[in-house]
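What's counted below: heavy atoms across the whole structure, side chains too, no hydrogens, waters or symmetry copies. All ligand and atom numbering here is 1-based and tracks the order in the structure. Given the structure is predicted, the values throughout are model-derived calculations rather than measurements.
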Amino acid sequence: MEHFNPDVLISEEELAIRIQELGNAITDDFAGEELVVICVLKGAFMFCSDLLKKIHLPIRLEFLQLSSYGEGTVSSGNVKIEMDLSGTIKGKHVLIVEDIVDSGLTITTLIKMLEMRSPKSIKLASLLFKPSRNTHPVTIDYLGFEIEDKFVIGYGLDYAGRYREVPYVGVINAGN
Ligand code: IMP
Ligand code: MG
């Protein structure tokens, strides 16, 4: 087994504090409403799981998987739905939960596709945002952290399918 110690960029403690704040904001903003939460697989699974525990509203959880990256670290520009929602979002308040907005291509494409299904509203929560790389502007209603232009892993995010289980957001150092 190769050496394994990604550098910490955002610690477990920092994640927990910010996610509590986001959960509070979402709970307040949607008070009295029901919410369909769409967890964008695979990267958002850990963030979504922790965030949901901090939202005190009636929720229907849905999963959706997109593909755009393949094995590389740069978007191929080709976004498609690999696995679709199991239920309808027509007339519902929808909260999309994403891991990271980089170029913004993935999420702007997804929002367009979901808007065609006539939800009552669509809001976006993203754990991370890389402003320096954003070419497709999008409003992130609930943002965890802005980060600089580094390829990050952990807390759900992968590099070539690995590192999703790392409990913090990290960067792979040269020794790995
Ligand atoms: P975008 O379409 O360029 O915004 O890319 C968004 C998707 O690319 C995210 O949902 C991630 O799956 C992936 N991605 C972008 N940057 C990173 C990164 O630094 N680490 C891991 N995955 C990333
Ligand atoms: Mg993703």
Pairing of E115 and K112 as salt bridge, 4.0 angstrom limit: no
G104 near ligand 1, heavy-atom distance under 4.0 Å? yes
When you check the gap from the basic side-chain N to the acidic O, do D99 and R164 get nearer than 4.0 Å? no
Taking 4.0 angstrom as the limit and counting only heavy atoms of E98, give me the atoms of ligand 1 inside it, by number and element. 10 (O)
So which heavy atom on I89 is nearest to which on L114, and how close? CD1-O, 3.7 Å
With backbone taken as N, CA, C and O and side chain as the heavy atoms from C-beta onward, which portion of L157 lies under 4.0 Å from ligand 1: side chain, backbone, both, or neither? side chain
Quick one: closest heavy-atom pair of L57 and E33, and the distance? CD2-O, 4.1 Å
Taking C-beta and beyond as the side chain, do L110 and T106 meet within less than 4.5 Å on heavy atoms? no
For K150, the ligand 1 atoms whose distance to one of its heavy atoms is below 4.0 Å: 19 (O)
With a 4.5 Å heavy-atom cut-off, do F145 and F129 have their side chains touching? no
Closest to atom 1 (P) of ligand 1 (heavy atoms only, candidates A160, S67, A44, S103) is S103
Classify the angle between the aromatic ring planes of H93 and F30 as parallel (below 30°), tilted (30 to 60°) or perpendicular (above 60°). perpendicular
Residue T106 vicinity, atoms of ligand 1 by number, heavy atom under 4.0 Å: 1 (P), 2 (O), 5 (O), 6 (C)
For D158, the atoms of ligand 1 under 4.0 Å from one of its heavy atoms are 21 (C)
Can you name the atoms of ligand 1, numbered from 1 with element, that are less than 4.0 Å from a heavy atom of L105? 2 (O), 4 (O)
Side chain or backbone of V40 under 4.0 Å from ligand 1, or both, or neither, by non-hydrogen atoms? neither
Can you sort out which atoms of ligand 1 are near K130, meaning under 4.0 Å from one of its heavy atoms? 16 (N), 17 (C), 18 (C), 19 (O)
Is V152 near ligand 1, meaning one of its heavy atoms is under 4.0 Å from it? yes
Tell me, do L124 and Y142 make a side-chain contact under 4.5 Å, heavy atoms counted? no
Who's closest to atom 11 (C) of ligand 1 heavy-atom-wise, of I100, L66, V171? I100
